Novice: 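Below: one structure in structure tokens.
These values consider heavy atoms only, across backbone and side chains, with no hydrogens, waters or symmetry-generated copies. The sequence lines fix the lettering, A, B, ..., with proteins before strands; numbering per chain opens at 1. Just so we're clear, the structure is a prediction, and the values are computed from it rather than from any experiment.
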There are 2 protein chains.
Amino acid sequence: MTGINEVAVLAGVSTATVSRALSGNGHVSLATQSRVKAAALELGYVVSSNASGLATGRTKNVGVVIPFLTRWYYSSVIEGAEQALLSHGYDLTLYNLSGGGDERRSVFEHFLLRKRVDAVIAISLELTASELASLFEMNKPIVGIGGPLPGVRTLSIDDVKVARLATEHLLSLGHTSIAHIGGDTSVELDFHLPTNRRVGYEAALEAVGIPIDPELFAAADFSVPGGYRAAKQLLGNPRKRPTAVFAASDEMAIGTILAARDLGLAVPGDVSVMGIDDHELAGFFGLSTVAQFPAAQGRMAVELLMEELHPGRHVAAANTPLHFELIVRSSTARPRYSASER
Amino acid sequence: MTGINEVAVLAGVSTATVSRALSGNGHVSLATQSRVKAAALELGYVVSSNASGLATGRTKNVGVVIPFLTRWYYSSVIEGAEQALLSHGYDLTLYNLSGGGDERRSVFEHFLLRKRVDAVIAISLELTASELASLFEMNKPIVGIGGPLPGVRTLSIDDVKVARLATEHLLSLGHTSIAHIGGDTSVELDFHLPTNRRVGYEAALEAVGIPIDPELFAAADFSVPGGYRAAKQLLGNPRKRPTAVFAASDEMAIGTILAARDLGLAVPGDVSVMGIDDHELAGFFGLSTVAQFPAAQGRMAVELLMEELHPGRHVAAANTPLHFELIVRSSTARPRYSASER
DNA sequence: ATGAAAGCGCTAACAC
DNA sequence: GTGTTAGCGCTTTCAT
């Protein structure tokens with residue numbers, strides 16, 4: 001392994017100068033600078049992050065903690081974060097909590113604390129008090145995405161508003177019998193999210209004087225099959241089949257579309273379907289949805305961290321509220337005349 | 001940050017003893033050992049991976065390089081690898097190449113080489129000669145998953161056999177007109193994979209004397225929409241509609257099922273559909289498939305690395321060929337009598 | 001079984 | 001603008 005010494009020798013300078021020339025800290029004449037860089041290149045020299053980290057106290061590495069990896073939303077956030085980190089010269093180390101209790105404990109007790117990371121990004125996590133305490137003990141910047149963590153700067157779309165917007169789209173088309181597929185609280189993610197979306201849905205209905213009907217609610221697990229099952233229940237109800245279904249995620253909405261098809265119901269002819277996310281398959285299924293932008297969220301989280309880590313160096317858009325956007329495709333339409341009596 | 005010194009003081013021993021007691025290297029009396037551990041626990045001490053890494057030359061960290069993150073297969077492999085690494089006390093740092101050329105270069109030129117990792121796992125990657133050279137220069141264990149990398153120990157299912165098995169399942173049901181949806185080579189993953197699967201498909205047909213018909217092949221990008229489009233082409237052919245479609249991935253097979261439905265064709269009544277992967281949605285769609293087990297593949301890659309990193313310590317199943325398994329669900333059946341003349 | 005001390009490879013004062 | 005040098009926090013000989 002070629003070290004800083006060999007570069008120094010080859011360039012005919014001291015190691016300190018090599019360090020300065022390569023890191024950009026301190027003043028080095030342009031001439032030496034280029035000599036050093038050439039030498040480094042020639043030798044294929046790369047700093048040892050361990051040594052550098054030990055000396056500076058900074059690791060150029062951030063930890064990302066997620067509850068799942070195999071869901072579109074999470075992997076998209078990570079993709080965005082990873083790109084942004086890379087561009088700032090940082091690495092991303094991944095802590096996936098989906099393994100369950102033990103894994104979760106060991107992540108919090110050992111891994112995050114190893115001084116391996118300069119900061120952490122926590123995605124859609126509901127943390128226990130002691131987990132939060134662990135994090136705070138580290139005294140490192142933390143930013144959350146999606147779940148309001150007490151005491152942590154968190155990036156969140158306004159789930160209430162998003163759900164309300166989705167519901168209002170349906171209302172504006174003339175639907176009055178709108179079902180909602182929301183989360184059950186069993187899923188190990190921030191449990192405010194399903195609640196908030198349900199609140200937004202109900203608020204939209206109440207605003208136009210439509211009473212909330214508990215029979216028009218079904219819980220599912222944010223997956224396609226879960227949405228399918230829930231939608232079958234809702235759409236199979238012989239007494240009051242809704243003319244529209246608003247699912248709290250696109251995956252559940254896609255399940256709903258498939259359920260409708262299997263029941264012989266046309267979308268949007270017999271039933272309109274609305275989701276949230278703008279999942280990669282939303283376009284394919286013609287799903288109307290409220291888009292959120294997970295990759296952008298990941299990037300933004302990184303910008304926030306960079307600002308804390310390198311004060312003054314960045315002029316990132318600090319407190320931009322997270323963007324969302326109604327996207328109308330072909331799964332929503334006016335309710336068919338007298339559709340509910342057919 | 002509490003350091004090893006404070007632990008030493010509290011336990012009334014030297015830092016050397018603390019190090020030994022905590023790492024398990026060297027001999028420490030049981031009494032001291034427990035005193036040290038208690039002290040460490042009380043102070044919430046965790047080793048600095050930087051300092052430890054600098055002293056030992058080992059980072060307890062492995063780099064995982066992937067071409068995509070938002071596909072089921074890749075995130076599943078990572079999930080498996082992450083769990084296994086965690087259980088060995090290792091961290092996982094993620095290098096996602098999906099960003100494109102520049103990102104890719106910087107990963108290879110700067111990041112992997114920072115001595116930040118003890119080993120690397122490369123998933124389904126087709127590497128350039130210089131990228132491979134970078135990796136070898138590091139002189140660290142590498143294991144590949146899925147793409148045969150010259151000179152690298154690689155874990156691979158036998159794609160030819162897998163595809164052959166899938167095709168034989170269709171043949172054994174009595175199908176003789178079997179289309180194949182394979183990869184186009186544009187996708188930035190190991191391009192042997194689509195080729196090998198196609199080879200297996202053709203071998204199965206030739207073995208029973210069925211000529212290969214280029215009109216029964218369509219290329220797609222391993223996605224659901226891609227499979228859908230390809231299937232529409234194949235199944236829409238007025239002169240020779242196949243009675244079965246074998247797609248090189250479950251996502252494309254799911255696209256095929258949806259395409260068939262949209263054409264009014266029953267699955268498996270009018271057309272049987274077969275995939276590869278056992279994607280999380282395969283069960284939901286009743287898709288017959290040849291399962292591979294990405295999480296297990298990730299775990300196995302880790303075991304291999306551990307063996308190299310800690311020789312003699314592990315008795316992992318070294319050269320187990322990767323497991324695959326035919327799973328018959330409801331998307332395949334005998335061809336309907338005279339289906340092709342309808 | 002334990003302690004003293006010499007680094008691991010780099011950075012950051014501090015001199016010049 | 002550049003060199004000298006003292007650590008960063010741990011591990012690991014080498015003694016004892």
Side-chain angles (χ1 to χ4, degrees), chain A residues 1-37 39-40 43-61 89 110 113-118 138-139 309-310, chain B residues 1-37 39-40 43-61 89 110 113-118 138-139 309-310:
Chain A
M1 281 297 93
T2 63
I4 198 172
N5 254 302
E6 319 178 29
V7 180
V9 171
L10 181 62
V13 294
S14 73
T15 61
T17 302
V18 173
S19 174
R20 287 189 277 251
L22 259 28
S23 71
N25 295 9
H27 296 272
V28 180
S29 77
L30 259 67
T32 359
Q33 209 169 113
S34 58
R35 245 179 329 124
V36 169
K37 283 184 178 159
L43 297 173
Y45 167 76
V46 188
V47 295
S48 152
S49 56
N50 275 335
S52 164
L54 223 209
T56 58
R58 277 172 281 99
T59 64
K60 290 276 206 170
N61 189 32
H110 299 295
L113 303 163
R114 275 203 209 169
K115 293 126 185 176
R116 202 190 258 303
V117 301
D118 290 340
M138 297 176 51
N139 230 341
L309 292 171
H310 310 283
Chain B
M1 280 296 92
T2 64
I4 199 173
N5 253 303
E6 320 180 27
V7 180
V9 171
L10 181 63
V13 295
S14 73
T15 61
T17 302
V18 173
S19 174
R20 286 190 277 251
L22 261 27
S23 71
N25 295 9
H27 296 274
V28 180
S29 77
L30 258 68
T32 352
Q33 208 169 112
S34 58
R35 242 173 337 117
V36 169
K37 282 183 178 159
L43 296 173
Y45 168 75
V46 188
V47 296
S48 152
S49 56
N50 274 335
S52 163
L54 183 53
T56 59
R58 279 172 280 99
T59 64
K60 291 276 205 170
N61 190 30
H110 299 295
L113 304 163
R114 274 204 209 169
K115 293 130 187 174
R116 203 189 257 303
V117 301
D118 290 340
M138 296 177 50
N139 229 341
L309 292 172
H310 311 283

Novice: Contact class for B:Thr32 vs. all strands (heavy atom < 4.0 Å): base, sugar-phosphate, or nothing?
Specialist: sugar-phosphate
Novice: Roughly, in whole Å, what's the span from CZ in A:Arg58 to C1' in D:dG9?
Specialist: 17 Å
Novice: Does a side-chain heavy-atom distance below 4.5 Å link B:Asn25 with B:Arg20?
Specialist: no
Novice: Which ones in residues 2-11 of chain A lie close to DNA chain C, meaning a heavy atom under 4.0 Å from one of its atoms?
Specialist: A:Gly3, A:Ile4
Novice: Just wondering, do A:Val47 and A:Ile4 contact through their side chains at under 4.5 Å, heavy atoms?
Specialist: no
Novice: Below the 4.0 Å mark, does C:dT2 have OP1 or OP2 next to a side-chain nitrogen or oxygen of B:Ser29?
Specialist: yes
Novice: In whole angstrom, what separates B:Arg35's CZ from C:dA1's P?
Specialist: 14 Å
Novice: In this structure, how many angstroms lie between the P atom of D:dG9 and the CG atom of A:Leu54, rounded?
Specialist: 7 Å
Novice: Given atom NZ of A:Lys60 and atom P of C:dT11, what is their separation to the nearest angstrom?
Specialist: 11 Å
Novice: Could you check how far CG of A:Asn50 sits from P of C:dT11, rounded to whole Å?
Specialist: 12 Å
Novice: Which is it for A:Thr59 and A:Asp118 under the side chain to side chain donor-acceptor pair (under 3.5 Å) test, yes or no, and what are the steps along the way?
Specialist: CA-CA 6 Å; A:Thr59 64; A:Asp118 290 340; 2.9 Å; yes
Novice: D:dG3, OP1 or OP2 - any side-chain N/O from A:Ser14 closer than 4.0 Å?
Specialist: yes
Novice: If you pin A:Asn25 and B:Thr17 to their nearest nucleotides in DNA chain C, which one's is more 5'?
Specialist: B:Thr17
Novice: By nearest heavy atom, map B:Gln33 and B:Ala55 onto DNA chain C; which one lands nearer the 5' end?
Specialist: B:Gln33
Novice: Counting just side-chain N and O atoms, does B:Ser48 come under 4.0 Å of either OP1 or OP2 of D:dG9?
Specialist: no
Novice: Is there side-chain contact between A:Leu22 and A:Val18, with at least one heavy-atom pair below 4.5 Å?
Specialist: yes
Novice: Give a yes or no on whether the backbone of A:Ser52 and the side-chain of A:Thr56 come within a donor-acceptor separation of less than 3.5 Å.
Specialist: yes
Novice: Pick base, sugar-phosphate or nothing for B:Val13, based on heavy-atom distances below 4.0 Å to the nucleic acid.
Specialist: sugar-phosphate
Novice: Treating B:Asn61 as the side-chain partner and B:Arg116 as the backbone partner, does any N or O pair qualify as donor plus acceptor under 3.5 Å?
Specialist: yes
Novice: To the nearest Å, give me how far apart CZ (B:Arg20) and C1' (C:dA1) are.
Specialist: 8 Å
Novice: Below 4.0 angstrom from OP1 or OP2 of D:dT11, is there any side-chain N or O of B:Thr56?
Specialist: no
Novice: How many Å lie between CG on A:Leu22 and P on C:dT11, as a whole number?
Specialist: 8 Å
Novice: Could you tell me which non-hydrogen atom of B:Ala40 sits nearest to which non-hydrogen atom of B:Val7, and how far apart they are?
Specialist: N-CG1, 3.9 Å
Novice: Specify the separation, in whole Å, of atom OH of A:Tyr45 and atom P of C:dT11.
Specialist: 6 Å
